[in-house]
Amino acid sequence: MEEKKFDILMLFQIIFAILVMLISIYSKVTENYNLLPLMLILLSITLLIMGLREYKRTQSLLWGIFILCISLYILFSAVESIMIN
């Protein structure tokens with residue numbers, strides 16, 4: 001049975017995912033949605049790391065690029081919402 005390695009990308013993914021959850025819970029509880037663009041940027045970074053890990057794990061571009069495209073779309077939406085406000 002293969003031993004799974006705990007790499008630095010997994011650590012960053014966990015950190016960013018926890019930050020996204022904390023900001024979203026805070027926004028939902030206080031009904032203050034001013035931090036939504038920050039949450040979207042952190043979510044985008046989390047998905048970017050997931051795409052990199054998937055590519056590194058499978059050496060297949062299909063899912064890595066798919067997740068990367070989703071990440072870039074979320075990042076674009078976050079930056080656009082910051083520019084509008």
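Given the structure is predicted, the values throughout are model-derived calculations rather than measurements.
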To the nearest 0.5 angstrom, please state how far the [atom1] atom of [X] sits from the [atom2] atom of [Y].
X: Leu19; Y: Thr46; atom1: CG; atom2: OG1; value: 8.0 Å
X: Ile49; Y: Phe12; atom1: CD1; atom2: CZ; value: 7.0 Å
X: Leu48; Y: Leu9; atom1: CG; atom2: CG; value: 9.5 Å
X: Leu62; Y: Ile67; atom1: CG; atom2: CD1; value: 9.5 Å
X: Leu47; Y: Cys69; atom1: CG; atom2: SG; value: 11.5 Å
X: Asp7; Y: Gln13; atom1: CG; atom2: CD; value: 9.0 Å

Problem set entry | For Thr58, all residues meeting side-chain contact (heavy atoms from CB on, under 4.5 Å), sequence neighbours excluded | Glu54, Ser60
Exercise. Checking side-chain contact (heavy atoms from CB on, under 4.5 Å) for the pair Ile82/Ile41: CA distance, chi angles, key distance, verdict?
Worked result: CA-CA 10 Å; Ile82 290 172; Ile41 290 171; 3.9 Å; yes
Problem set entry | Backbone N/O of Tyr73 and side chain of Ser77: donor-acceptor pair under 3.5 Å | yes
Problem set entry | Side-chain donor or acceptor of Ser71 paired with backbone N/O of Ser44 under 3.5 Å | yes
Exercise. Under the criterion side-chain contact (heavy atoms from CB on, under 4.5 Å), which of Leu36, Leu22, Leu35 is the partner of Ser27?
Worked result: Leu35
Problem set entry | Leu11/Ile8 under side-chain contact (heavy atoms from CB on, under 4.5 Å): CA gap, chis, key distance, verdict | CA-CA 5 Å; Leu11 177 66; Ile8 193 75; 4.0 Å; yes
Exercise. Are Tyr26 and Ile23 grouped together when hydrophobic residues (ILVMFWY) are joined by side-chain heavy atoms under 4.5 angstrom apart?
Worked result: yes
Exercise. Does some side-chain heavy atom of Leu42 sit less than 4.5 Å from a side-chain heavy atom of Met39?
Worked result: no
For this session: Using a cut-off of 6.0 Å, state whether more than 12 heavy atoms not belonging to Tyr33 lie near its atom OH.
Result: yes
